[in-house]
Each structure stands twice: as structure tokens, then as C-alpha cells.
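Starting off with a structure, shown below.
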Protein chains: 2
Amino acid sequence: MSAMRDRWQSSGVLLTVDLVILTLREDRLRVLLVERGNEPYQGAFALPGGFLRDRSEGILAAAARELSEEAGLDAGTLHLEQLAVYGDPGRDPRGRVVSVAHLAVAPRLPEPVAGTDAADARWIPVDHVLDESTPLAFDHLKIVIDGVERARAKLESTALATAFCGQTFTLSELQRVYEVVWDTRLDARNFYRKVQGVRGFVMPAGPIRKTEGGRPARLFRAGPTTVLYPPLVRPDRTAQGEDR
Amino acid sequence: MSAMRDRWQSSGVLLTVDLVILTLREDRLRVLLVERGNEPYQGAFALPGGFLRDRSEGILAAAARELSEEAGLDAGTLHLEQLAVYGDPGRDPRGRVVSVAHLAVAPRLPEPVAGTDAADARWIPVDHVLDESTPLAFDHLKIVIDGVERARAKLESTALATAFCGQTFTLSELQRVYEVVWDTRLDARNFYRKVQGVRGFVMPAGPIRKTEGGRPARLFRAGPTTVLYPPLVRPDRTAQGEDR
DNA sequence: GGCACTTCTTGTCGATCTGACAAGAAGGTA
DNA sequence: TACCTTCTTGTCAGATCGACAAGAAGTGCC
């Protein structure tokens with residue numbers, strides 16, 4: 001009963017925020033990791049993040065602050081959303097630490113800014129993390145897995161892909177986002193048709209053009225739509241040989 | 001840098017779990033709410049939930065415990081997943097309380113069990129909550145909105161709908177789930193074809209039949225698939241009169 | 001039993017969408 | 001100019017979708 005809900009207990013825990021910051025660099029999906037300088041897990045890579053500054057700091061605000069402090073990125077200019085909470089007892093050997101993980105998606109970026117807290121941050125290919133050739137501290141592998149899956153899923157139904165691109169982009173750049181994040185290949189001509197068929201997904205950005213080899217491509221910018229209809233469904237990886 | 005991450009601060013907060021428990025009763029989508037007996041928000045409805053029991057209790061475990069204590073439901077038999085964290089400073093007038101909201105989906109249920117903590121729990125139609133004719137305590141309206149939207153979205157791409165049904169069900173029962181949760185109407189014949197076209201979504205459950213008026217329907221049970229491919233896309237509510 | 005009524009299930013049909021592919025357009029470079 | 005690259009517009013057959021007809025299999029009523 002309500003008495004239970006209101007039993008005022010001192011179940012205080014330490015709250016942190018962790019960040020899965022994804023971007024595309026050199027045609028690979030990468031995640032920003034920092035090398036730990038202290039025990040536990042000294043020398044291992046970990047997600048950027050940290051404790052709430054004080055009791056009055058909001059959780060999303062803390063994530064934005066860490067984004068700035070540890071990665072040198074401005075939360076105002078990129079996609080940032082809550083991912084999930086990780087609070088198993090024992091996930092941190094130092095005590096009961098509950099972490100609110102966030103997913104950030106950044107467009108092509110300058111190198112992690114030296115001279116800041118982000119100096120020892122590195123953009124590690126996501127597949128190096130997923131195949132565990134780059135071991136992560138704490139339960140951060142699980143967090144990265146969840147973050148990547150979230151990104152893959154949201155590519156289908158939302159305009160998240162545009163967050164990987166700059167202010168303006170060509171459709172083949174957008175296609176590369178889908179191909180790299182989904183780890184699949186798409187037909188450029190069908191992609192072209194499909195993307196332009198989704199109302200409000202992309203809007204022509206002037207007659208400006210830019211080039212890098214072949215015929216110059218038209219530029220687009222993100223449209224007003226956040227929910228894609230119809231969605232761009234990723235090809236079924238488990239298509240053949242399925243039981244009934 | 002890592003020194004920042006490891007600064008050991010006493011940012012302790014009080015951690016609670018809250019539950020958005022959805023079910024279908026009398027052809028309406030309903031959420032389980034409890035009337036608050038204490039200040040603040042005395043007399044208002046609130047989501048079931050409560051503080052972690054102690055520092056060693058896992059978050060999902062706490063949600064399962066509250067599910068049992070406050071709703072008389074067994075977490076082993078129904079769908080339970082983490083929804084999101086709500087931790088804005090000021091959301092609870094008593095102090096810095098961070099709540100991990102969970103989404104539970106229950107099949108047709110007996111009345112809230114009298115004589116337990118769940119005695120004053122009531123199944124309130126979700127639309128009464130969404131249109132604010134039933135005001136909720138704290139930021140629980142926001143949590144219900146997010147929970148319902150999560151359920152609506154997961155109906156498209158996962159087998160969540162089967163969690164609203166019993167062990168076995170007819171396809172028209174399953175269709176009612178989609179219609180009520182999405183607040184839309186579907187053509188029974190097309191639904192029939194589509195559902196059976198998704199590999200592993202539903203499996204025939206013996207030649208058993210059951211009836212209630214017309215021709216007896218075949219019984220099905222949930223299949224092994226959790227991810228629907230192809231997805232069941234909900235009809236576009238913003239279809240016509242859209243700009244380009 | 002015969003008939004009306006209900007709901008379930010199988011089909012049909014045209015419009016639309018999808019995936020595979022051809023071919024032209026518009027630049028760069030040798 | 002010839003060739004290469006990439007972008008963009010089409011084409012076409014097969015799959016899918018939404019709307020709908022019609023038969024199947026029960027119940028209840030006379």
C-alpha cells in the first residue's frame with residue numbers, strides 16, 4: 001500500500017552518467033573511449049562519464065556537462081538521449097554505483113581536443129569493442145552493445161542518421177551512415193528513391209553542389225520530420241534457412 | 001580526464017522504482033494506479049513503486065518485488081522491462097529522488113488482490129490519464145506517456161502483443177490488442193494474413209478451439225521470435241494533407 | 001431440422017512498393 | 001577527346017498492401 005511507497009529509506013546510491021558517443025570516421029562506426037588512469041581497471045578503456053556534480057544537477061545536464069568536459073563536444077549541436085540505467089550491485093567494485101547511460105551521435109568531428117580533459121580520449125572502431133579485442137572496464141561492453149543496437153533501431157524509424165552528418169550532406173553520405181551502422185550494403189538508386197519518398201526526412205539545400213570525384217551531388221539538410229513514415233527497414237539478416 | 005571520472009563524490013541520491021503496468025480490460029488499455037495515502041499529493045493517483053530495499057538489491061529485482069508487493073503479480077509470468085530514468089531535481093518535493101521507471105505488460109488479470117498491499121490499486125483507463133481527467137502525482141503523467149508510447153512502438157517490431165494475451169489466444173484477440181493499444185481499426189482478414197506471414201510470431205496451439213458466438217477460432221501461442229520481420233507498421237495518423 | 005446471425009478463414013484484385021538493374025548526366029583526369 | 005567516377009532518372013517483374021467477396025463453422029430460435 002502507499003505506506004510502503006512512502007517508507008523513507010536511506011537507499012542512497014552514487015549516481016553517474018556514462019556516454020556512448022558514436023560517430024563515423026574513415027568509413028567506420030566509432031565510439032569515444034578514454035583510457036583509465038586509476039584503479040580499478042587501470043589501463044583499460046572506459047566510456048566517458050562521471051559523477052553528478054551535486055544534488056541539484058539534472059541527469060541530462062550532467063550528461064551534457066561530461067560531453068563537454070570529457071569529449072570537448074557541445075551538447076547543443078548534437079543528438080543526445082538517455083539510453084538506460086545500469087545498476088547491478090557489484091558492477092563497480094568500489095560500491096553501489098548506478099549509472100545512467102546516454103547515447104550521443106556526433107557528425108564528423110575534429111580530433112579529440114588536446115589540452116583538455118579529452119586529451120586521452122580515442123575514437124575506437126565499434127567492432128573492435130564488440131569482438132572484445134578492445135576490452136572495456138566495468139560493464140561498459142554491455143552498455144556499448146545496447147547503445148549500438150539503439151542506434152541501429154532508431155535509424156529505421158527516425159531521422160537519427162542525419163545526426164551523423166553535418167548541416168548539409170549528400171544522399172550518398174547519408175547512405176554510408178546506414179551502410180556502416182547496419183553493416184550492410186544498400187543499392188544507391190533504391191536508397192535515393194526511398195529516402196526522397198519519406199515526407200520531411202531530407203530537404204534540398206539550395207542548388208549548391210560539392211564534389212569529390214564523379215558527378216557533383218545535390219546537397220540536402222535534415223527535414224522537420226523525426227519519425228520516418230514509411231520506415232526504412234533494414235534487410236533481414238536471418239532471412240534464409242529459418243524454421244517455420 | 002580519468003581523474004575527473006574517479007573523483008569520489010558523495011552525490012548520493014535516493015533511488016526508487018516505479019511501474020507502468022499495462023493490461024487490457026473490457027476492451028480498454030488500462031494502467032494500474034494506487035491512491036496515495038500520504039502527503040505529498042495525498043489522494044492523487046500514482047504509479048506503484050517504492051524505494052530500493054537496501055544497497056544490495058538490484059534494480060530489476062526491486063521492480064519485480066514491487067510488482068509482487070503492490071500489484072500481486074508475479075514477475076516471472078509477465079513482461080517486465082526498464083523504461084527510463086526520471087531524475088529532475090524538484091520532481092519530488094521531499095528531496096532528490098531518482099526513479100527508474102519500468103514497463104510491465106500483463107495478460108487479462110484477476111481484480112487487484114484485496115487483503116494485500118494492492119488492495120487500493122485500480123485499473124484506470126489510459127485515456128483518462130492521458131487527457132488528464134485523472135491527475136497523477138509527481139511526474140507520473142510523463143512516465144505513463146512514455147510507457148504507452150514504448151508499448152505502441154514495440155508492438156510494431158516485437159512480439160510484445162502476445163504479453164497482453166494468455167498462454168493461448170485467438171488471432172482476433174491478438175488483433176484487439178493492436179487495435180486498442182494503437183487506438184485504430186484493423187481489417188481482420190489482412191491482419192490474419194499478415195501475422196501468419198511473420199516467421200515465428202505465433203504458433204498453432206493444437207487443434208483445440210474455443211468459442212463465444214460465431215465460428216470457433218484456432219488457438220495460437222507465442223512463437224520463438226521476439227523481433228518481428230517484417231514489422232507490423234501502424235497506420236500513419238498524419239497521412240493526408242501533409243506538405244512535401 | 002431450417003434459418004438467421006455471428007465470427008473465423010480463405011481468396012481475389014488492383015494499387016503500391018521493393019529489389020535488381022540499365023542507362024544517361026555531369027563532373028574530373030589523362 | 002576518351003575514359004573514369006559518381007550521381008540521378010528510369011524500367012520491370014515480383015512481393016506486398018488495403019479493400020472487399022464469399023465460404024466455413026459454430027450458436028440460438030422457431
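Values below: all heavy atoms of this structure, side chains included; hydrogens, waters and symmetry mates excluded. Every chain is numbered from 1, with letters handed out A, B, ... down the list of sequences.
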inquiry  = Going 5' to 3' along DNA chain D, which are the first and last nucleotides with any atom under 4.0 Å from a heavy atom of chain B?
reply    =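 Counting from the 5' end, contacts occupy D:dC17 to D:dT27.
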
key: Nearest-angstrom distance from the residue atom CZ of A:Arg215 to C1' of C:dA26   =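 Distance check: A:Arg215 CZ to C:dA26 C1' gives 5 Å.
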
query = Do A:Asp18 and A:Tyr86 have side-chain atoms, one donor and one acceptor, less than 3.5 Å apart?
reply =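 The answer is no; no qualifying pair exists.
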
query = Base, sugar-phosphate, or nothing for A:Thr170, non-hydrogen atoms under 4.0 angstrom?
reply =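 Here A:Thr170 touches no strand at all.
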
task = Using the six-membered ring wherever Trp is involved, compare the ring planes of B:Tyr178 and B:Trp182 and label them parallel, tilted or perpendicular (cut-offs 30° and 60°).
result =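 Perpendicular: the ring planes of B:Tyr178 and B:Trp182 meet at over 60°.
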
ask   = Do the side chains of B:Arg28 and B:Leu24 get nearer than 4.5 Å, heavy atoms only?
value =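 Side chain of B:Leu24 against side chain of B:Arg28, heavy atoms only: no contact under 4.5 Å found.
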
ask   = Do you know which two heavy atoms are closest between B:Thr225 and B:Val227, and how far apart they sit?
value =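 Looking at all heavy atoms of both residues, the shortest contact is CG2-O, 2.7 Å.
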
Passing candidate, side chain to side chain contact (heavy atoms under 4.5 Å, CB included) with A:Leu47, options A:Val34, A:Val20, A:Ile21, A:Leu19 =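 Single side chain to side chain contact (heavy atoms under 4.5 Å, CB included) partner of A:Leu47 among A:Val34, A:Val20, A:Ile21, A:Leu19: A:Val20.
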
key: Summary of side-chain hydrogen bond (donor to acceptor under 3.5 Å, both in side chains) pairs that have at least one residue in residues 154-163 of chain A, sequence neighbours excluded   =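 Checked against side-chain hydrogen bond (donor to acceptor under 3.5 Å, both in side chains) - neighbours excluded - the pairs reaching residues 154-163 of chain A are A:Glu81-A:Lys154, A:Glu156-A:Arg234.
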
inquiry  = Judged by each residue's nearest nucleotide on DNA chain D, which is more toward the 5′ side, A:Gly214 or B:Asp187?
reply    =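 Whichever sits nearer the 5' end wins; that is A:Gly214.
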
ask   = What do you reckon, are the aromatic ring centroids of A:Phe169 and A:Phe220 less than 6.0 Å apart?
value =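 No, they do not, as the ring centres are separated by 6.0 Å or more.
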
query = Closer to the 5' end of DNA chain C via nearest nucleotide, is it B:Arg218 or B:Gly213?
reply =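 Here B:Gly213 is the residue nearer the 5' end.
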
query = For B:Arg189, which contact category applies under a 4.0 Å heavy-atom criterion: base, sugar-phosphate, or nothing?
reply =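 If one applies the 4.0 Å heavy-atom cut-off, B:Arg189 turns out to touch a base.
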
With the criterion being N/O to N/O and under 3.5 Å, what pairs connect the protein with nucleotides 16-19 of chain C, and how long is each?
{"residue": "C:dG19", "atom": "OP2", "partner": "A:Lys194", "partner atom": "NZ", "Å": "3.4"}
{"residue": "C:dG19", "atom": "N7", "partner": "A:Arg193", "partner atom": "NH2", "Å": "3.0"}
{"residue": "C:dG19", "atom": "O6", "partner": "A:Arg193", "partner atom": "NH2", "Å": "3.2"}

key: Considering all heavy atoms, the nearest B:Cys165-B:Leu174 contact   =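 Minimum heavy-atom separation between B:Cys165 and B:Leu174: SG-CD1, 4.1 Å.
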
